[in-house]
Structures are given as C-alpha cells and as structure tokens.
Enquirer: 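Have a look at this one.
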Number of protein chains: 2
Amino acid sequence: MTAEPADPALEPVRRPALSDEVIERIRARIASGDWPVGSRIPPEPELMRRLQVARGTVREAVRALAHTGLLEVRRGDGTYVKAKSELSGAVTRLYGGSDLGQLLEVREGLDAQAARLAAARADDTALDALADALRRRAAAWEAGDFDAWVTADWDFHAGVADASGNALLAELYHNLAGPLRTAMAEAWSTSGFQGADPVGHETLLAALRERDPAEAGRQAAANVSDTRAWDEGEGSRRG
Amino acid sequence: MTAEPADPALEPVRRPALSDEVIERIRARIASGDWPVGSRIPPEPELMRRLQVARGTVREAVRALAHTGLLEVRRGDGTYVKAKSELSGAVTRLYGGSDLGQLLEVREGLDAQAARLAAARADDTALDALADALRRRAAAWEAGDFDAWVTADWDFHAGVADASGNALLAELYHNLAGPLRTAMAEAWSTSGFQGADPVGHETLLAALRERDPAEAGRQAAANVSDTRAWDEGEGSRRG
DNA sequence: AAACGTAAGACGTCCGACGTTTGATGTCCA
DNA sequence: TGGACATCAAACGTCGGACGTCTTACGTTT
C-alpha cells in the first residue's frame, strides 16, 4: 500500500474507446438539433468515411444508441432519430406494459410538485397557454373528440411541468407520456376508460394564477386521484 | 387505401436482430441475479461459443448494455456487471453535474407521494425498519459521524419509497440517489452543506403510523423543503 | 393504371487478423 | 528471503473484407 500523492499531472492516461467517441459525436448531433427527430442519419458507409473508423466501430455506437431509444434502425432502409432524450427508452423498458395504477401514482407525485413549483414561478405567458389548453380540452370534451381531448389534456399537464421551471422534472414528466399513453390505451380498450372529470383542472389553473403553491399541489393531486379512482373503481364496467 | 382486415395469422414476419436477442439474454442473466453486480461476465470468446454468434454480434450487445450503464468493460481485463437497472445510467447521463436544487425538487415530489402511499400501505415490519433507521440516524448525528448519518438518512427515505408499494416510484427514487449524492458532495465541499434538521423525520414516521396520508405527504415535503432552503439560503456561508 | 420484376442502397452477420492493455506468473539478483 | 524486473497469456479494441437479406425506388409489362 504505497501512498500515492494526488498529482493531477500524473493521472493515468486514459483513452476512451473509439466507439464511445462515435457515440458522443452522434449524440451531440441529435442534441444540437442537427439531426432532428424523425430524420435519417447518414448510412454506415458514410459515417465510416467521415469519422475514419471501421464499420464495426460505427455499428457498435449506433447499436448502443438504438438500444437506449435514441435511434431506430430499419434494416434495408436506414437509421432514424427516434428521440432526443435517453430517458424515455429506459422508462419504457422498465415499465413496458406495466401497471397503469403505478404510472398514475408516479404521475400524481410529479404533477403535484410541478403545480406547487409552477404556482411560484409560472409567468403570464405560460398561464395563458395553460388556459388555452383548457379551452381546447373542454371543447373536445363537448364535441366527443377523444383524440383532441387527450392532446389538449396532455398539453395542459405538460405545460404545468414546463412552467415549474425545473428541467429535470419536466423531462421526467414528458418521458412518462409514452408508457402512460400505452397503458391508458390498453385500459381504454379493456374497460372503456375515457378520461377524468373535465372540471378539476380549472381550479388548478385558478390556484396557479393566485400563486398559491399549497392549493395548486392539492388540486393537481386531486385531479389524478380522480382518474385513478375511476380506473380502479369503475373500470370493470363496460357493457 | 385498401382496408386491411385484421388477421393475426397474416401479420408481417418479423425476426428481431440477433444482437437484440443477445442483449436480452445478457440482461436476463443480470436481472435474475445469475450475474450479480460486481461479477465478471464470460469473455467474448466464450459468449461467442455458447451463443453461437460472431464476435461482432456479441460486441454490439455488450457495447449497448455498457452504454446504458448495466455493464462496465475494462480493456485487457474483462466485462463486469455494474448495475441491475438501466434507469440509473440514463438519469446520471441526463443530469450529471446538474442543479442540486432541481434534483431536490424532484425528490421532494417523489418523497411526498411515497409518504402518502406508504401511510396507506406500509406494514408494521416496514414501519419498524423505518424507526430503526431513524434511531441510527439520530445516533450518527450525535456522534458527528457524517457518513453514517448519510447512510441512515438514505435508508429511511428509501425505506419510505419501498413501503409505498409502488415499484416504479421506488425504482425512480433509488436511481436518483447517485446523481443526488454527487451533487450533495459537491455542495458540501463548496458550501459546507451537512444535512437537514434531524427532527422532522420523526413526525413523518408518526404520520405513517397513524395512517394519515395527507399529513405524511405534508411532513415529507416539509423535510426536503428545509434541506433545500438551507442549501439555497444559507449555503453560501462557510468561514 | 395496376401488377410485376429488377436493381441499388442499407443494415445484419460472419470470418480472420493484428494491436493494446491488463493481470498473473515466473525469474533473477541483492 | 523478498522485492524488482521481465515475460506471457488473456481479454478487449479496431480494422478489413465478404456475403446475405431486406427495403425502397424505378422501370417494364400487361
């Protein structure tokens, strides 16, 4: 056990693997928006040429990013950008086809916290956008347009998360959407689930306008609780 | 637009990529505990032999799992299991070195929700374990043992998350630990942060024992809020 | 105009080779 | 005897080429 003096200049020379370097290059392109979601990235031969690495190295990098959900590889066609964040893939894989109840409970926690923070931080622009989402939500409910209702409802909730001023919270919330939507679609097909009370959200918005974090948190929690109660309680009725 | 009749027998024949199959095999071994965290997995040549695939295929799979943080590849040595869940890596990569405040706000939301759920679901065994963690926490505080305090404090909070009966919530909470610890260590070194009021947790435990979700949620939120206030408010003092 | 056949592009997999790093083993000398 | 050194095998890193299969686009035929 020789005591090693801490000498930054004598740290081990570490050279990251080439494939890791390629991963970073690709991720940077995606994060910067150079390769937007849905676009096709250059084919492997071109990446080989431009990065000056062997095909196996390129493939290892692409495969890694595809596994995390950032890329989607279509054999015979090409490789496409699927998402900007890697969180979604992890959450999806962790909870693919899992309990809707658990997802909703997590959402409730994030929802309440986002509401509390948004009550303290949201600016008027954000509040107006939330009001607009609620108008569209109500209109879709009246018209019986389920898709439009889902979209508007999500716009509202996601808007609250964005208005929380917490990027991590917003990111977590957004990435919960995929699994949530899947689970909800399944619940809808098996139990006729069609959404919650269209009134409660108004009181949440009111609490946000009044800068009342505690009340906003209560209202947000109440909204999702209603949805969950509906799903668990009356969810088995159908015909 | 020819309408396609839904015929399960005529669905497209899809064969998943071999490397994806290898990924699943390895992940299954890790998830099942066959290959515990810290152990070394069989070298590439043996995986080739046992899985009957080419080395490139094995490498693509290993590289993908390494990128998500499940495996750690040490050149010249071997490949080791680094974690059981892929969430940790994603969260770390997403918020490595990010705002301590944002992490704490997310934790607060999860904490409060976990407390609410635990108040309704925790059994006596779990409650006793929480009480024990609090005892250790208090003792460490008295003794000025910072490491022991951190451990006991985390045991308590994580215990609440586990007692919530929501596996997703618990998983999210546990995987927040890494980035949180890193950010806290940084805050501690720059501002002398040393932990929050050691009293509040007792009232949370009391609320859990009384099966009072609302009160438990309030207490949990209050605990972390205190910590954040300390960090943001008095965090700049030091000498 | 619709159906078919064809060809090019792109990813999937395999094989073999060599380099670099690491850890362990063995050896030599003080 | 014990420590420092040299050596070697194992394991990962990278490269290059080859062939198969799938997807798409395009031209041809009917």
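In the text below, chain A, chain B and the rest are named by the order of the sequence lines, each starting its count at 1. Keep in mind it's a predicted model, so treat the numbers as computed, not measured.
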Enquirer: Of all of residues 35-45 of chain B, which get a heavy atom below 4.0 angstrom from DNA chain C, listed by number?
Expert: none

Enquirer: Does the side chain of A:Val37 come within less than 4.5 Å of A:Ile30's, by heavy atoms?
Expert: no

Enquirer: Any side-chain to backbone donor/acceptor pair from A:Asn175 onto A:Glu171? Under 3.5 Å, distance only.
Expert: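 Side chain of A:Asn175 to backbone of A:Glu171, a donor-acceptor pair under 3.5 Å: yes, one is there.
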
Enquirer: Anything under 4.0 Å to a heavy atom of chain B counts; send over the first and last such nucleotide of DNA chain C, read 5' to 3'.
Expert: C:dT13 to C:dG23

Enquirer: Roughly how far, to the nearest 0.5 Å, is CG of A:Leu169 from CG of B:Leu103?
Expert: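 Interatomic distance, B:Leu103 CG to A:Leu169 CG, rounded to 0.5 Å: 11.0 Å.
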
Enquirer: Got a list of side-chain donor-acceptor pairs under 3.5 Å for residues 65-73 of chain A, not counting sequence neighbours?
Expert:
| from | atom 1 | to | atom 2 | distance (Å) |
| --- | --- | --- | --- | --- |
| A:Thr68 | OG1 | A:Leu65 | O | 2.9 |

Enquirer: Looking at DNA chain C, which of residues 57-67 of chain A put a heavy atom within less than 4.0 Å of it?
Expert: A:Arg59, A:Arg63

Enquirer: Kindly write out the residues that satisfy side-chain hydrogen bond (donor to acceptor under 3.5 Å, both in side chains) with B:Glu46, not counting sequence neighbours, or none if the list is empty.
Expert: B:Arg50

Enquirer: Taking for each residue the nucleotide of DNA chain D with the nearest heavy atom, is it A:Gly76 or A:Ala17 whose nucleotide lies nearer the 5' end?
Expert: A:Ala17

Enquirer: Would A:Glu108 and B:Gln113 count as a side-chain contact (heavy atoms from CB on, under 4.5 Å) if you check the C-alpha gap in whole Å, the side-chain angles of each, and the deciding distance to 0.1 Å?
Expert: CA-CA 8 Å; A:Glu108 179 180 307; B:Gln113 181 69 346; 3.3 Å; yes

Enquirer: Check whether the side chains of B:Tyr173 and B:Asp162 place a donor and an acceptor atom closer than 3.5 Å, and report yes or no.
Expert: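 No.
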
Enquirer: Under 4.0 angstrom, heavy atoms only, what part of the nucleic acid is A:Gly56 near: base, sugar-phosphate, or nothing?
Expert: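 If one applies the 4.0 Å heavy-atom cut-off, A:Gly56 turns out to touch nothing in the nucleic acid.
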
Enquirer: Given 3.5 Å as the limit, does a donor-acceptor pair link the side chain of B:Asp145 with the main chain of B:Ala140, or not?
Expert: no

Enquirer: Measure from CD on B:Glu72 to C1' on D:dC12 and round the result to the nearest Å.
Expert: 13 Å

Enquirer: Find the distance B:Met48:CE to D:dG13:C1' and express it as a whole number of Å.
Expert: 15 Å

Enquirer: Can you tell me how far C1' of D:dC19 sits from CZ of A:Arg55, to the nearest Å?
Expert: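 Going from CZ in A:Arg55 over to C1' in D:dC19 covers 11 Å.
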
Enquirer: Measure up the A:Phe156 and A:His201 rings against each other and bin them: parallel (under 30°), tilted (30 to 60°), perpendicular (over 60°).
Expert: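 A:Phe156 and A:His201: tilted rings.
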
Enquirer: side-chain hydrogen bond (donor to acceptor under 3.5 Å, both in side chains) with B:Arg135: which residues, sequence neighbours excluded?
Expert: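 Expected list: none.
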
